[in-house]
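Here is the structure we will look at.
Throughout, a chain's letter reflects where its sequence line sits, starting with A, and its residues are numbered from 1.
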2 protein chains.
Amino acid sequence: MTRALTRKGEATRARIVAGAAAEIRERGVDEVRLEDVMAHTGTSKGQLFHYFPGGKEDLLLAVAQHEADQVLTDQEPMLSNLTSWPAWLAWRDRLVERYLAQGVKCPLNGLLGQTGRRAPGAQAIVTGLMWRWQAAITEGIRHMQSTGDIGPDVDPERASAALLAGIQGGVLLLLSTGKIDHLEAALDLTIDSLRASALVTREQEGRDNE
Amino acid sequence: MTRALTRKGEATRARIVAGAAAEIRERGVDEVRLEDVMAHTGTSKGQLFHYFPGGKEDLLLAVAQHEADQVLTDQEPMLSNLTSWPAWLAWRDRLVERYLAQGVKCPLNGLLGQTGRRAPGAQAIVTGLMWRWQAAITEGIRHMQSTGDIGPDVDPERASAALLAGIQGGVLLLLSTGKIDHLEAALDLTIDSLRASALVTREQEGRDNE
DNA sequence: GGAAAAATGGACCGGCAAGTCCAAAGCCCG
DNA sequence: CGGGCTTTGGACTTGCCGGTCCATTTTTCC
């Protein structure tokens with residue numbers, strides 16, 4: 001049922017999504033007019049509604065999915081290999097670098113809370129993104145626990161929840177203040193505290209051996 | 001220059017701001033029509049433009065200021081008295097309680113990033129809010145340092161930046177997932193790590209005395 | 001090579017909501 | 001009490017923009 005797209009159609013559809021995404025990053029979700037997308041991608045209104053029968057909302061959904069996936073791929077291969085402290089730091093640096101470059105243009109920014117309530121699908125996409133993101137971090141913490149680099153008292157779910165919150169808040173503060181400091185502080189302090197969890201354990205072990 | 005408002009005018013203006021704020025909390029910024037505000041506050045279009053010559057944007061600005069102030073007053077008197085660990089916990093509880101109650105309706109949510117770029121004033125209001133918020137936390141940390149409840153190695157600016165990021169991210173994740181867990185985790189783990197900073201210092205002192 | 005399906009272009013419609021305007025009413029103060 | 005201000009009501013204008021529709025061209029596939 002799904003397919004009736006020729007190769008050309010596929011390409012056009014992809015061009016529209018990419019162009020719309022760029023436009024949204026530039027201007028913001030609710031500033032983008034279908035007309036802008038048409039101009040930016042060299043397409044006509046007929047095409048837009050051909051490929052996205054649900055109109056704007058439909059297109060927005062596709063863009064959101066596209067961008068959500070992008071967020072995670074941008075963190076690879078670091079995010080999936082949080083297996084040593086240098087790897088964690090590399091991941092941290094990638095995040096900072098990425099968001100510094102992105103600056104104030106957050107494509108998914110508009111999809112939260114009420115803004116996203118009108119499009120339940122968009123909400124779901126963001127939720128899914130957060131879920132996958134946190135799962136990857138949890139995985140990393142578990143691995144570090146297995147090697148003794150993170151103390152066994154740390155609750156991986158809770159710790160990853162806190163770390164993800166720090167990241168999201170850091171980005172949000174970057175958006176509103178233009179400063180990267182909050183993101184850096186949140187990452188560094190949270191990661192440091194994970195490292196400390198192992199040290200404390202080791203100290204205790206050391207003491208036990210005395 | 002500022003005043004040409006009679007008492008009645010003042011009251012009407014306040015009624016409009018309060019009503020618009022309520023409407024925005026309920027429906028979201030970009031879903032609210034001037035007409036809704038009129039209906040909700042029993043006013044006419046003439047009045048709206050009389051009190052807010054700049055139209056919708058002008059009104060939105062007033063509402064934003066109103067809500068930003070509210071965010072901080074809601075945390076008082078705890079926020080200004082972070083002078084003992086019980087006080088910190090009380091503040092933490094207040095935050096959780098407040099955002100749990102607010103749930104998914106964040107009035108300032110829409111003002112960030114691109115959405116707020118069209119209204120530079122709104123951006124400034126949010127930035128100001130964040131700045132004041134962080135300053136209060138910094139103050140609390142400094143005080144705890146002065147009593148030895150937080151280690152001297154902690155950088156108050158950096159720590160408060162991280163904590164604020166955790167809070168913002170926690171609220172954002174509450175908005176998108178409906179779960180309060182992230183906010184709680186961020187608050188608890190960050191505060192715990194502040195407590196730990198004092199313990200480490202004490203341990204070191206203890207060892208120095210050995 | 002030709003029919004069916006997909007892709008494209010763009011004119012047109014319709015509704016919605018912000019903002020304008022002015023006339024009428026009410027309030028303040030000498 | 002009366003003139004000039006503020007306040008109020010609401011009809012009207014206006015532009016915008018999403019969505020519809022159909023005619024034309026291109027592709028696909030037998």
Side-chain angles (χ1 to χ4, degrees), chain A residues 1-21 23-24 26-64 110 114-116 118-119 121-122, chain B residues 1-21 23-24 26-64 110 114-116 118-119 121-122:
Chain A
M1 190 244 109
T2 40
R3 273 302 160 56
L5 286 186
T6 70
R7 183 164 303 169
K8 193 179 179 188
E10 201 92 57
T12 304
R13 206 194 116 105
R15 203 171 79 243
I16 294 176
V17 171
E23 205 74 21
I24 286 177
E26 200 53 42
R27 295 219 208 308
V29 194
D30 25 52
E31 297 306 312
V32 169
R33 319 284 155 217
L34 257 29
E35 204 177 338
D36 301 326
V37 176
M38 288 160 52
H40 190 282
T41 61
T43 48
S44 69
K45 196 160 269 189
Q47 287 166 286
L48 250 54
F49 282 85
H50 181 65
Y51 294 107
F52 304 93
K56 197 178 190 180
E57 188 176 324
D58 212 346
L59 172 58
L60 249 40
L61 228 59
V63 171
Q114 311 103 324
T115 312
R118 66 179 158 183
Chain B
M1 191 242 109
T2 40
R3 274 303 163 57
L5 287 186
T6 70
R7 182 164 307 170
K8 194 179 179 188
E10 201 91 57
T12 304
R13 206 194 116 105
R15 202 172 78 242
I16 294 176
V17 171
E23 206 73 20
I24 287 177
E26 200 54 42
R27 294 217 207 312
V29 194
D30 23 53
E31 297 306 314
V32 168
R33 319 285 155 213
L34 256 30
E35 203 177 338
D36 301 328
V37 176
M38 287 160 52
H40 191 282
T41 61
T43 48
S44 69
K45 197 159 267 187
Q47 286 166 287
L48 250 54
F49 282 85
H50 180 66
Y51 294 108
F52 304 94
K56 197 178 189 180
E57 188 176 324
D58 212 345
L59 172 58
L60 249 41
L61 228 60
V63 171
Q114 309 104 323
T115 314
R118 67 178 160 184

>> Assess the residue pair A:Ile24 and A:Leu60 against the criterion (side-chain contact (heavy atoms from CB on, under 4.5 Å)); give the C-alpha distance rounded to whole Å, side-chain angles, the decisive distance to 0.1 Å, and a yes or no.
In response: CA-CA 9 Å; A:Ile24 286 177; A:Leu60 249 40; 3.9 Å; yes
Please list each protein N or O that sits under 3.5 Å from an N or O in nucleotides 27-30 of chain C, with the distance.
none

Length of the line joining [X]:[atom1] and [N]:[atom2], which is rounded to integer Å:
X       : N      : atom1 : atom2 : answer
B:His50 : D:dT8  : NE2   : P     : 7 Å
B:Leu5  : D:dC5  : CG    : P     : 16 Å
A:Leu48 : D:dC21 : CG    : C1'   : 16 Å
B:Ile16 : D:dT7  : CD1   : C1'   : 11 Å
A:Asp58 : D:dG18 : CG    : P     : 14 Å
A:Glu10 : D:dT28 : CD    : P     : 12 Å

> For B:Val32, does its backbone N or O pair with a side-chain atom of B:Arg27 as donor and acceptor, under 3.5 Å?
Replying inline: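 Absent.
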> Would a distance-only check, ignoring hydrogens and angles, find a side-chain to backbone donor-acceptor pair under 3.5 Å from B:Asp58 to B:Gly55?
Replying inline: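 No; judged by distance alone, with no hydrogens or angles, the pair does not exist.
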>> Rounded to the nearest 0.5 Å, what separates atom CG in A:Leu48 from atom CG in A:Leu59?
In response: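 It is 6.0 Å, given to the nearest 0.5 Å.
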>> If the condition is side chain to side chain contact (heavy atoms under 4.5 Å, CB included), which residues does A:Ala62 pass it with, not counting sequence neighbours?
In response: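 Listed in chain order: A:Arg13, A:Val17, A:Phe52.
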> What nucleic acid atoms does B:Tyr51 come within less than 4.0 Å of, heavy atoms only: base, sugar-phosphate, or nothing?
Replying inline: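 Sugar-phosphate only.
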> Which pair of non-hydrogen atoms, one from A:Val63 and one from A:Ala20, has the smallest distance, and what is that distance?
Replying inline: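 Minimum heavy-atom contact is CG2-CB, 3.8 Å.
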> How close do B:Thr41 and B:Thr43 get, heavy atom to heavy atom, and via which atoms?
Replying inline: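 Where B:Thr41 meets B:Thr43 most closely, the heavy atoms are OG1-OG1, 2.7 Å.
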>> Using a 4.0 Å heavy-atom cut-off to protein, can you give one letter per nucleotide of nucleotides 10-25 of chain C, 5' to 3': B if the base is in contact, S if only the sugar-phosphate is, - if neither?
In response: B------SBBB-----
>> Let's go through A:Arg15 and A:Thr12 carefully: what are the C-alpha distance in whole Å and the side-chain angles of both, what is the deciding distance for side-chain contact (heavy atoms from CB on, under 4.5 Å) to 0.1 Å, and is it a yes or a no?
In response: CA-CA 5 Å; A:Arg15 203 171 79 243; A:Thr12 304; 3.9 Å; yes
